[in-house]
Amino acid sequence: ENAALSRDVLKSHGIGSVLVVTSAVHMPRAMAVFRKQGVTATPAAVPRQIVLPDDGSVPAWVPNERALDASRSIIKEYAAILLYWVRGWI
């Protein structure tokens, strides 16, 4: 919906390209939606939301709550991409 509404506003103002600012996790879906709407978009991801402490206190291979949250976010994003594809939004 955001891309479709943005397309109409951009077109009415003669704007041909935009900068899409969102998290890296959401960027593939956001770019696909804008592309589907015919909007030329440049990705500008914000800093990663899923990070490990620099001090090494959380090894990447040890299951923990942060890793579970990250996995949940990534799985939701892949499900959203599939849903958007089924609905014809991308």
Side-chain angles (χ1 to χ4, degrees):
E1 181 179 356
N2 192 358
L5 295 174
S6 295
R7 178 201 61 216
D8 296 340
V9 172
L10 293 168
K11 189 173 183 177
S12 71
H13 287 88
I15 299 170
S17 63
V18 296
L19 191 64
V20 175
V21 181
T22 190
S23 71
V25 172
H26 301 298
M27 191 62 73
R29 180 168 47 111
M31 292 299 293
V33 170
F34 277 97
R35 193 169 27 257
K36 176 79 174 194
Q37 293 300 321
V39 176
T40 301
T42 301
V46 297
R48 295 181 300 153
Q49 295 172 295
I50 304 165
V51 296
L52 294 173
D54 289 332
D55 64 5
S57 61
V58 179
W61 55 271
V62 175
N64 60 59
E65 186 176 346
R66 290 174 70 181
L68 180 61
D69 284 342
S71 297
R72 181 183 51 81
S73 295
I74 293 166
I75 291 168
K76 276 179 56 179
E77 193 58 30
Y78 277 109
I81 289 171
L82 177 63
L83 175 66
Y84 275 46
W85 179 74
V86 167
R87 291 193 172 190
W89 297 337
I90 60 173

What residues form a side chain to side chain contact (heavy atoms under 4.5 Å, CB included) with [X], not counting sequence neighbours?
X     : value
Ala41 : Val18, Val20, Met31, Phe34
Ala44 : Leu19, Val21
Thr40 : Ser17

Answer with yes or no whether the hydrophobic clustering places Leu82 together with Val33; edges join I, L, V, M, F, W, Y residues whose side-chain heavy atoms lie under 4.5 Å apart.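 Per the 4.5 Å side-chain linkage, Leu82 and Val33 are co-clustered.
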What residue pairs, at least two apart or across chains, pass salt bridge (Lys or Arg N to Asp or Glu O under 4.0 Å) with a residue in residues 6-23?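 Not a single pair qualifies under salt bridge (Lys or Arg N to Asp or Glu O under 4.0 Å).
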Does some side-chain heavy atom of Thr22 sit less than 4.5 Å from a side-chain heavy atom of Val46?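 Of all side-chain heavy-atom pairs linking Thr22 with Val46, none is under 4.5 Å.
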Run through the side-chain heavy atoms of Ile, Leu, Val, Met, Phe, Trp and Tyr, join any pair under 4.5 Å, and report what else lands in Val9's cluster.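 Its cluster mates, by chain and number: none.
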Which pairs count as side-chain hydrogen bond (donor to acceptor under 3.5 Å, both in side chains) when at least one residue sits in residues 81-90, sequence neighbours excluded?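 Matches after skipping sequence neighbours: Arg29-Tyr84.
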Which atom of Met27 lies closest to which atom of Pro43, heavy atoms considered: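 So the minimum-distance heavy-atom pair works out to SD-CB, 3.6 Å.
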